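Have a look at this one.
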Amino acid sequence: MKICLAPMDWVTNLAYRVICKEVFQQHGAQWDELRLRTEFMSADGYHHNPAWVVRHAHHSDFDPETILQIFGGNWDTLVSCAVDCEKKYWFWWIELNMWCPSPKIMKCAAGSWMLRDKERTLDILRQISQEISLPFSLKTRIWLSPDDVKDQFEFLIKASEYVSMIGVHWRTYKQSHSWFVDRDFMYNLKKELPNTIVTWNWWLRSYQDCVDLRWNLDWMMIGQSAIWNPRILTPHTPNHQEVFSLIFNHLHLSIATEYHFRHYVETYDHTIWLPLATRSELDVTIWQLLDWQLKTEWFRSPVEFRWYLFNYISGLPWNKEVKRQIARARDYISLRDVLVSFAHDLWVSVELA
């Protein structure tokens, strides 16, 4: 079975992708394949302030088959961003985001808004596909509203002329987080597009959901359910010891990737290239930081990591009080101490180095 990690802003960064890949290598079924996606990168932002948004393209040699997802409502910047990213970075695929329902994204004529002007969007897809040599794909929604079903189906058939893969979120724009889905739409779409990879994304809650709902589709895409448990990408269920090991590995990698990117911004011309973060380099950085720098230098990663952490410990005994302590942590040392104490209460041993 082929499984994808869905693109999620502030979630599917380099550290998290490395963690997902490691978990998959350890516990994934031998016949399964995994594909990873970056966070969304703004084409307009890349054009105006690449030093800020290029962090979304932060990449490593450990996850070479990663898809870079871009978004935007400006024709020129979308095309130039795709062309530039193909030249400068080492991605397997480039994908256009046409599914995000965020009002902020919709306001700039990007994300789901692109489905309102389907002819213009087809022209953009055609132009990008002609300008780049990398495989090109799109991720969209099943439709904007029930009145849009037929038009959206025809639009995706036409779009298949310019893309190699179509990923579809099963909810409409207006359904938000409703559980209703039209599975027949997806299965019929695949019947019409036998030579196009069709991927679907709909709040899969377990690995078994992927097995049961796959049918004739090519790829299964898991999003929010993977935030707190990357092992949903595999048939493995972790014990408490594995959960804490995963937490600390993820936390340390988050800081190491922040350090690597910070060093890149200070050292290199970001308009020229973004160096790969090798897996061995990240490991060395973790050892160095644990040895001295975490005690003296402030990193933002531990603060951002708290959101992952709230999800990681959900379901563990006494997690409510621990979440209150985590919310007050503002650096690695304080966060580490809370976690070590929590692990001790659960009779879990922790090795930090």
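Predicted model only: the values in this text are computed from it and were never measured. Starting from 1, each residue takes its place in the sequence as its number.
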Assert yes or no for the condition that the ring centre distance of Phe342 to Phe244 is strictly below 6.0 Å.
yes
If you define the side chain from C-beta out and look only at heavy atoms, does anything of Trp219 sit under 4.5 Å from Glu33?
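They are in side-chain contact.
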Any Ser137 side-chain heavy atom under 4.5 Å of Trp93 side chain
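With C-beta onward as the side chain, the pair touches.
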Return the orientation label for the His169 and Trp99 ring planes: parallel under 30°, perpendicular over 60°, tilted otherwise.
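Ring orientation of His169 relative to Trp99: parallel.
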Counting N and O atoms only, with roles assigned by atom type, does the side chain of Tyr308 sit under 3.5 Å from a partner on the main chain of Val11, one being a donor and the other an acceptor?
yes
Please round to the nearest 0.5 Å and tell me the distance separating atom CD1 of Ile3 and atom CG of Asp32.
4.5 Å
Please round to the nearest 0.5 Å and tell me the distance separating atom NE2 of His56 and atom OG1 of Thr12.
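Those atoms lie 9.5 Å apart.
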Going by atom types only, do Gln208 and Asp212 share a side-chain donor-acceptor pair under 3.5 Å?
yes
Does the structure place the NZ or CZ of Arg55 under 6.0 Å from the centre of the six-membered ring of Trp10, at an angle of no more than 45° from the ring's axis?
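Yes, a cation-pi geometry.
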Check: Glu22/Gln26 side-chain N/O donor and acceptor closer than 3.5 Å:
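Glu22 vs Gln26: no donor-acceptor pair found between side chains.
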Glu304 vs Arg306, test: salt bridge (Lys or Arg N to Asp or Glu O under 4.0 Å). Steps then yes/no.
CA-CA 5 Å; Glu304 297 176 345; Arg306 294 178 304 177; over 6 Å; no
Flag the pair Leu156 / Phe185 as yes when at least one side-chain heavy-atom distance between them is below 4.5 Å, and no otherwise.
yes
Rounded to the nearest 0.5 angstrom, the CD1-CG distance for Ile197 and Leu217 is 12.5 Å
Any salt bridge linking Lys118 with Asp148? Criterion: basic side-chain nitrogen under 4.0 Å from a carboxylate oxygen.
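Looking at Lys118 and Asp148, the cut-off is met.
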Pairwise side-chain contact, Tyr259 with Phe299, heavy-atom cut-off 4.5 Å (strictly under)
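Contact flag for Tyr259/Phe299 side chains = yes.
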Verify whether one side chain among Thr196 and Lys190 offers a donor that lies under 3.5 Å from an acceptor in the other.
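No, Lys190 and Thr196 have no side-chain donor paired with an acceptor closer than 3.5 Å.
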Checking side-chain contact (heavy atoms from CB on, under 4.5 Å) for the pair Leu78/Leu96: CA distance, chi angles, key distance, verdict?
CA-CA 9 Å; Leu78 273 174; Leu96 179 60; 3.7 Å; yes
Where does the angle between the aromatic ring planes of His252 and Phe248 fall among parallel (under 30°), tilted (30 to 60°) and perpendicular (over 60°)?
tilted
Tell me whether the count of non-hydrogen atoms from other residues, nucleotides or ligands lying under 6.0 Å of NE2 in His48 goes above 12.
yes
Output yes when Arg35 and Glu65 qualify as a salt bridge under the 4.0 Å nitrogen-oxygen rule, no when they do not.
yes
Going by the angle between their ring planes, with limits at 30° and 60°, are His250 and Phe305 parallel, tilted or perpendicular?
perpendicular
Taking the side chain as C-beta and beyond, is there a heavy-atom pair between Ile142 and Gln152 under 4.5 Å?
no
More than 12 foreign heavy atoms under 6.0 Å from CZ of Arg120: is that the case here?
yes
Enter the distance from Arg37:CZ to Trp92:CH2 here, rounded to the nearest 0.5 Å.
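The CZ atom of Arg37 sits 8.5 Å away from the CH2 atom of Trp92.
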Verify side-chain hydrogen bond (donor to acceptor under 3.5 Å, both in side chains) between Lys323 and Ser314, making sure each step is shown before the conclusion.
CA-CA 9 Å; Lys323 287 181 179 179; Ser314 293; 3.1 Å; yes
Those residues that, when tested against Asn188, pass side chain to side chain donor-acceptor pair (under 3.5 Å) (two or more places apart):
none
Is any side-chain heavy atom of Ile67 closer than 4.5 Å to one of Ile94?
no
Got a second to check how far Met106's CE is from Leu115's CG, nearest 0.5 Å?
8.5 Å
For Trp215 and Tyr187, take the angle between the two ring planes, folded into 0 to 90°, and tell me which bin it lands in: parallel under 30, tilted 30 to 60, perpendicular over 60.
parallel
Do we see a donor-acceptor contact under 3.5 Å between the side chains of Glu86 and Ser133?
yes
Would you check if the side chain of Asn49 reaches a backbone N or O of Gly45 as a donor-acceptor pair within less than 3.5 Å?
no
Does any donor atom in the side chain of Asp331 or Ser334 lie under 3.5 Å from an acceptor atom in the other side chain?
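Side chains of Asp331 and Ser334: pair found under 3.5 Å.
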Test item: Val243 and Asn239 side chains (from C-beta on) under 4.5 Å apart, heavy atoms:
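Counting from C-beta outward, Val243 and Asn239 never come under 4.5 Å.
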Could you grab the distance from atom CD of Glu95 to atom OG1 of Thr38, nearest 0.5 Å is fine?
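Reported to 0.5 Å precision, the distance equals 8.5 Å.
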Do the non-hydrogen side-chain atoms of His59 and Trp90 ever get within less than 4.5 Å of each other?
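They are in side-chain contact.
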Specify whether His236 and His27 have parallel, tilted or perpendicular ring planes, treating 30° as the upper limit for parallel and 60° as the lower limit for perpendicular.
parallel
